[in-house]
Amino acid sequence: MEEQIKKVLLENSQELFGEQIEEKLIQFQQTRREFEGDVTLVTFPFSKILKSKPEEVAGKIGAFLKERMASVKSYNVIQGFLNIVIEDDFWINQLNGIAKESQFGYSEPNSKSLKMVEYSSPNTNKPLHLGHLRNIFLGYSVSEILKANGHKVIKTQIINDRGIHICKSMLAWERFSPVNQKGERETPQNTGIKGDKLVGKYYVEFDIHFNNEAKEIIAQWEAGRFDGFPKEVTAEYQKLEKAKAEKSDDEKAVKEINAKIKDLAKNQTTILRDAKEMLVKWEARDPQVYLLWTTMNGWVYDGFEATYQTMEVDFDKLYYESDTFILGRDVVLEGLEKGVFYRKEDGSVWIDLTADGMDEKLLLRSDGTSVYMTQDIGTAIERFRDYPDLDGIIYTVANEQDYHFKVLFLILDKLGYDWAKKCYHLSYGMVDLPTGRMKSREGTVVDADDLMAEMIGEADKMTAERGHLEGLTKEQIAELNHTIGIGGLKYYLLKIDPKKRMMFNPLESVELNGHTAPFVQYGYARIQSLLRKAKSENIALTAVTKLETEDINLIKSLSRFRNVIDEAANSYSPSLVVNYCFELTKEFNSYYQSINILKEENEALRASRLILCENIGKVIRLGMQLLGIKVPERM
RNA sequence: GGUCCCGUAGCUCAGCUGGAUAGAGCAACUGCCUUCUAAGCAGUAGGUCUCUGGUUCGAAUCCAGACGGGAUCACCA
């Protein structure tokens with residue numbers, strides 16, 4: 001509608017304004033509820049060029065539109081705002097159009113370019129936690145939104161399956177895992193512990209032994225025993241001790257020095273040396289180490305897979321760091337020849353980004369090995385090779401890595417890859433607990449599996465208390481609780497603008513009233529209940545013929561859906577979809593409370609309203625689908 | 001210290017391509033189930049949009065500065 005009005009104004013600009021006006025002067029906004037009208041034109045910009053009062057201009061435009069456009073029913077002017085009222089028939093036609101499209105609001109599938117969305121990308125030494133949940137739900141939802149917007153999408157993740165961290169778990173398992181009567185060490189099979197949790201347990205176990213050993217070393221040093229330690233280390237320690245004594249009144253400085261001493265001691269532990277040795281063996285493909293590595297990673301993948309299934313998310317393509325960590329090296333060496341990078345005397349390779357307002361960044365260590373940045377360069381290039389028609393990668397990664405991605409994209413650009421500017425860092429804020437930031441050392445990490453189980457449990461309680469469960473089997477009830485619990489969690493994490501840091505309040509997150517998934521799901525279930533009854537009463541839902549103001553207001557809301565998807569896709573922001581679903585449902589609930597639908601005596605109106613409800617339900621379902629949230633037929 | 005992000009009701013958040021009287025949810029208080037699912041609806045109360053300047057007919061929104069919070073600046077990932 002707005003487009004039509006804009007067109008008419010532009011085409012008749014000479015006649016109306018005496019000159020050709022710029023398109024951007026035509027500004028629409030939603031008509032505020034307290035005024036009559038469907039579309040509002042802001043007329044201040046015109047009054048400026050016409051040098052007359054906004055009210056006069058508004059009146060002139062209003063009269064003109066009413067005369068020229070059949071679908072303009074009337075208009076009113078309030079303080080320079082032209083509120084335009086559209087004919088009911090226009091809206092009735094809109095609804096009939098919406099009803100015909102089973103995927104209303106979505107664009108033609110695969111009508112736009114191919115995008116890759118990366119999300120999750122966990123380490124294989126720790127189970128997934130709350131931070132991953134925000135990441136995963138976001139990445140999945142953005143993928144669905146891009147698809148609905150017409151893009152072809154590849155969901156991917158890079159699995160951080162190699163490095164010192166996984167060696168730590170491996171070593172701890174080999175060394176500290178108890179042996180049962182059959183002579184086996186702990187496995188997911190013989191303990192019943194989920195694979196990722198078991199490996200995580202040994203990562204923690206490593207850390208305990210690691211810290212203890214470091215403490216013992218410090219105790220030895222403090223007692224003045226330095227036999228068996230390299231001279232440099234002894235010297236460094238003594239230097240630090242001396243510095244500490246000098247700054248004994250500066251608490252902060254002492255703390256810093258103590259941390260340095262601890263790092264120094266940690267580097268002298270045999271357990272770390274052994275883990276590093278294991279990494280060297282892994283890189284040399286030592287068969288025994290490799291077997292242990294594949295076994296333990298296998299456990300982790302089984303564990304992650306179970307978690308992803310509970311989350312109802314998936315991936316189209318996996319990248320493993322063990323395959324990609326060597327990539328990028330050659331590219332960096334090429335870049336070195338081209339002069340993009342430079343080499344320091346010790347052999348390390350760097351890029352100088354100071355001209356771009358950034359620092360110098362290391363790309364290859366002096367021993368020739370890669371760092372994270374090098375790998376990311378390689379992986380990005382690999383992906384564009386794997387998918388030649390790829391039109392950009394969206395990296396779902398927390399905002400602590402804003403700088404990293406800024407540098408990555410800049411380097412790719414400097415290397416001459418023109419697709420670099422199509423890469424986007426979907427940066428999201430940290431999830432805080434009421435007690436502050438999650439810290440693994442303080443045991444405040446919220447485990448993903450535990451949290452999901454808790455949400456489902458809470459849904460279970462509420463469903464038993466107030467659900468409409470007549471005729472549902474146990475399995476169906478379990479499915480319903482899953483839908484409500486997981487839906488609630490997704491909704492809670494997605495409703496906030498991704499860019500912003502958010503507070504996760506465990507008590508509030510299991511809440512099922514207000515701005516929550518169950519609120520929306522309940523609205524949907526109510527609609528389905530109406531439709532079931534209509535069906536059992538054999539009411540034919542053929543076409544929309546007659547509607548009243550209250551109904552038409554809802555059609556206006558429905559017709560916004562396509563724009564919401566566009567905006568959400570352009571800004572990679574599922575929260576826009578969440579808020580839309582909430583507002584639509586709220587509007588429906590209010591309508592439902594005050595209007596007769598099934599009980600409406602006028603048959604044409606009753607059928608029209610049922611079709612309206614059916615389509616509200618459809619849009620709620622399609623909207624929630626973009627968030628990865630299911631809707632129940634009854635609850 | 002440099003760079004980046006954030007600051008809106010008691011709490012959690014919308015609104016930010018400048019436009020009408022700044023909105024929701026939670027918490028508090030009042031009503032509404034013999035009537036289509038009360039996980040709901042209607043209402044009351046709650047604001048110096050951190051502060052100070054600037055641009056503008058018009059600023060929560062744009063610009064500058066201050067204050068407060070966070071992130072980041074590793075031969076870690």
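Naming: A, B, ... by sequence-line order, numbering from 1 per chain. Only heavy atoms go into these numbers, but all of them, side chains included; no hydrogens, no water, no symmetry mates.
Spacing between B:G25 and B:U21 at atom P, rounded to whole Å, works out to 23 Å. B:A42 and B:G69 have their C1' atoms separated by 39 Å, with the value rounded to a whole Å.
As the counterpart of B:A22, no nucleotide is assigned, since no Watson-Crick or G-U wobble pattern has both distances under 3.5 Å. Base pairing of B:U44: its partner is B:A28, meeting the Watson-Crick or G-U wobble criterion (both donor-acceptor distances under 3.5 Å). Under the Watson-Crick or G-U wobble criterion, with both distances below 3.5 Å, B:U52 is paired with B:A64. Checking B:U3 for Watson-Crick or G-U wobble geometry (two distances, each under 3.5 Å) identifies B:A71 as its partner.
Taking only side-chain atoms of A:Ile78, from C-beta outward, the nucleotide of B:A20, B:C41, B:A14 with the closest atom is B:A20. Distances were taken from every side-chain heavy atom of A:Arg634 (C-beta onward) to each of B:A39, B:A14, B:U37; the shortest belongs to B:U37. You'll find that the side chain of A:Gln29 is closest to B:A20, out of B:A20, B:A39, B:G25. In this structure, of B:U21, B:G19, B:C76, it is B:C76 that holds the atom nearest to the side chain of A:Arg365. Listed candidates were B:A71, B:A77, B:A39. Nearest to the side chain of A:Arg437 is B:A71. Of the candidate nucleotides B:A14, B:C36, B:G40, B:G40 has the atom nearest to the side chain of A:Gln593.
Using a 4.0 Å heavy-atom criterion, one finds that A:Asn570 contacts no nucleic acid atom at all. No engagement by A:Ser427 is indicated, since no non-hydrogen atom pair under 4.0 Å with the nucleic acid exists. Here A:Phe582 lies in heavy-atom contact (under 4.0 Å) with sugar-phosphate atoms only. Across all strands, A:Glu633 comes closer than 4.0 Å to base atoms (heavy-atom distances). Among the protein residues, A:Gln375 comes within range of no part of the nucleic acid, since none of its heavy atoms lies under 4.0 Å from any strand.
In this structure A:Arg32 satisfies the salt bridge (Lys or Arg N to Asp or Glu O under 4.0 Å) test together with A:Glu34, sequence neighbours excluded.
Within the structure, every side-chain polar atom (N or O) of A:Tyr403 is placed at least 4.0 Å from both OP1 and OP2 of B:U72. Considering only side-chain N and O atoms, A:Ser590 lies under 4.0 angstrom from the phosphate OP1 or OP2 of B:A42. Of the side-chain N and O atoms in A:Arg532, none sit less than 4.0 angstrom from OP1 or OP2 of B:C36. Between A:Lys586 and B:C41, a side-chain N or O to OP1/OP2 separation shorter than 4.0 Å is absent. Contact annotation: A:Arg32 does not reach the phosphate of B:G19 (side-chain N/O to OP1 or OP2, under 4.0 Å). For A:Asn596 and B:C36, the shortest distance from a side-chain N or O to OP1 or OP2 is not below 4.0 Å.
Between the CD atom of A:Glu55 and the C1' atom of B:C57 there is a distance of 12 Å, rounded to whole Å. Between the NE2 atom of A:His425 and the C1' atom of B:U3 there is a distance of 16 Å, rounded to whole Å. The CD-C1' distance, from A:Glu400 to B:C73, rounds to 14 Å in whole Å. In this structure, the NZ atom of A:Lys266 is 15 Å from the P atom of B:C76, given to the nearest Å.
The cationic group of A:Lys344 lies under 6.0 Å from the six-membered ring centre of A:Trp350 and within 45° of the ring axis, placing it in a cation-pi geometry.
Proximity of a side-chain donor or acceptor of A:Thr269 to a complementary backbone N or O of A:Ala214 within less than 3.5 Å is not detected.
At a threshold of 4.5 Å between non-hydrogen side-chain atoms, the residues A:Arg343 and A:Leu333 count as touching.
In this structure, A:Phe81 counts as stacked on the base of B:A20 under the 5.5 Å centre distance and 30° plane angle limits. The aromatic ring of A:Phe44 does not stack onto the base of B:G58, failing the criterion of a centre distance under 5.5 Å from the six-membered base ring together with planes under 30° apart. By the 5.5 Å and 30° criteria, A:Phe519 is not stacked with the base of B:A39.
When each of A:Thr379, A:Asn160, A:Thr124, A:Leu327 is tested with A:Glu321 by the rule side-chain contact (heavy atoms from CB on, under 4.5 Å), just one qualifies, namely A:Asn160. Screening A:Leu530, A:Leu547, A:Leu541 against A:Arg609 for a side-chain contact (heavy atoms from CB on, under 4.5 Å) leaves a single residue, A:Leu547.
Other residues, nucleotides and ligands contribute at most 12 non-hydrogen atoms within 6.0 Å of the NZ atom of A:Lys260. For A:Glu36, the CD atom counts as loosely surrounded, since its 6.0 Å shell holds 12 or fewer non-hydrogen atoms of other residues, nucleotides or ligands.
Place A:Gln528 and A:Thr31 on RNA chain B by their nearest nucleotides, and A:Thr31 ends up nearer the 5' end.
Below 30°, between 30° and 60°, or above 60°: for A:Trp282 and A:Phe325 the angle between ring planes is between 30° and 60°, a tilted geometry.
From A:Asn589, atom CG reaches atom CG of A:Leu584 across 10.0 Å, with rounding to the nearest 0.5 Å.
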Please tabulate, one pair per line, each protein N/O and nucleotide N/O from nucleotides 4-12 of chain B that are separated by under 3.5 Å, including the distance.
none

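Annotated as anti: B:C63, whose glycosidic dihedral deviates from 0 by more than 90°.
A donor N or O paired with an acceptor N or O is not found under 3.5 Å between the base of B:A39 and the side-chain atoms of A:Glu465.
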